[in-house]
J.: 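Please find one structure pasted underneath; my questions will follow.
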Amino acid sequence: MTIRSALAADVRADRVAAARRRARLRACNYRLAVLGTSVEDVVRHAGGLTVDLVLNGWDVTVLVADDTDARALDILGTDVLDLESALARPGRSPWPHVAVVAAELYERDDRLRDAMLETIDAGPTELVLWGDPWPVGSDHEIESVQHRLSGAAQAFKTHALHAAHCAHDSVSGIEGFRRRAVESTVPIGLTPPAPVSFIGGARVDGARASR
C-alpha cells in the first residue's frame, strides 16, 4: 500500500467514525441507509426515494464501493460513506430504521449480509431490496412495493443522473422495490403497485382510474 492510498484509507475511516457520532447525536430522527454497487446504481434505483425522505426530515446515508466522485449524491442531499471502510470498522451506532440495498450486493458480500441480518435482529430495521435476486433461503413472503416520486424528487434525480454521467436515462415517476411482506413500522412511503384496469381498451393504472 502506498502512502497516498494509506492516507486515503485513514480519511475514509475517519469519515465513518464521524458519521456514527452524528448518528448517535441525531438518534431521534428516522434513519435510512442506502447501499449500492456504485453511485450510478443508487441514483438510478433509489434516487427519488432518497430525495423524498431527505425532504421529510430523514437522516440518509449512502454507502458505495467507490465514493471518490459523489457529486450526484450531494445533489440528493445525503451523507456519503465508503462501503468497504464501513464494513471493515463494525460499530454500534444507532441502527437504521430502513436499509435499502442492491440485491446483487447483498447476495455477493457475506460481510454485508451478516451486518444486515444483525441490524434486523437488533431492532426494527426494515430490509428493502432493488434488483435480482431475492436472498436465497428467505422464509418470509416477499412483496413488490413502489415509491411514487414527488415533483421535487424527479427534478433532483434528473440533475443527479446528469452528474453521474447518466444524462440519457429518463426519470420515471415510480421506483420499484421488494421487501418482506410484513407491516411497516415507519413512514417510508412504499406501497403495493396500483392495480391495472382497462378503459375503452386502453391500459390505465389504479391511481389514474380512481380519479
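The analysis underlying the following values was restricted to heavy atoms, covering all of them including side chains, and did not include hydrogens, waters or symmetry mates.
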J.: L49 pairs by side chain to side chain contact (heavy atoms under 4.5 Å, CB included) with which of L76, V54, I188?
T.: I188
J.: Quick one: CG on D59 to CG on L53, what's the gap to the nearest 0.5 Å?
T.: 11.0 Å
J.: List in chain and number order the residues that pass side chain to side chain donor-acceptor pair (under 3.5 Å) with T191, two or more places apart in sequence or in another chain; answer none if no residue qualifies.
T.: none
J.: If you round to the nearest 0.5 Å, how far is CZ of R148 from CG of D52?
T.: 12.5 Å
J.: Kindly write out the residues that satisfy side chain to side chain donor-acceptor pair (under 3.5 Å) with W58, not counting sequence neighbours, or none if the list is empty.
T.: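 Listed in chain order: nothing, the list is empty.
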J.: Could you tell me whether the side chain of R31 and the main chain of H97 form a donor-acceptor pair under 3.5 Å?
T.: no
J.: Identify the two heavy atoms, one from L87 and one from L112, that lie closest to each other, and give their separation to 0.1 Å.
T.: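 The pair with the smallest heavy-atom distance is CD2-CA, 4.0 Å.
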J.: Minimum heavy-atom separation for M116 and L127, please, with both atom names.
T.: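 Smallest interatomic distance, heavy atoms only, reads SD-CD1, 4.4 Å.
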J.: My understanding is that only residues two or more places apart in sequence, or in another chain, count here; which of them pass side-chain contact (heavy atoms from CB on, under 4.5 Å) with S172?
T.: I174
J.: Residues two or more places apart in sequence or in another chain: which of them pass side chain to side chain donor-acceptor pair (under 3.5 Å) with H45?
T.: D41, W130
J.: Rounded to the nearest 0.5 Å, what's the gap from CG on L83 to OG1 on T37? Could you check?
T.: 10.0 Å
J.: Shortest non-hydrogen contact from C166 to R44?
T.: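 Heavy atoms only, the tightest pair is SG-NH2, 3.4 Å.
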J.: Has the side chain of R71 got a donor or acceptor atom that lies under 3.5 Å from a matching backbone atom of A164?
T.: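 It does not hold such a pair.
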J.: With no hydrogens and no angle check, is any side-chain donor or acceptor of T78 less than 3.5 Å from a backbone partner on V60?
T.: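 Between the backbone of V60 and the side chain of T78 there is no qualifying donor-acceptor contact (under 3.5 Å).
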J.: Can you name the closest pair of heavy atoms from A160 and A72 and give their distance?
T.: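 Shortest heavy-atom separation between A160 and A72 comes out as O-CB, 3.3 Å.
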J.: Ignoring hydrogens and angles, tell me if any N or O in the side chain of R178 forms a donor-acceptor pair with the backbone of G131 under 3.5 Å.
T.: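 Yes; at least one donor-acceptor contact below 3.5 Å.
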J.: Heavy atoms only: give me the nearest A153-G48 pair and the separation to one decimal.
T.: CB-O, 3.6 Å
J.: Using side chain to side chain donor-acceptor pair (under 3.5 Å) as the criterion, list what pairs up with S38, not counting sequence neighbours.
T.: E40
J.: Could you pull out the closest heavy-atom pair between G57 and N29, with the gap in Å?
T.: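 Taking every non-hydrogen atom into account, O-ND2, 4.0 Å.
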J.: So I75 and V43, do their side chains get closer than 4.5 Å, heavy atoms only?
T.: no
J.: Measure the CG-CG distance between L32 and D79 for me, rounded to the nearest 0.5 Å.
T.: 11.0 Å
J.: Just jot down the salt bridge (Lys or Arg N to Asp or Glu O under 4.0 Å) partners of D109, sequence neighbours excluded, or say none.
T.: R111
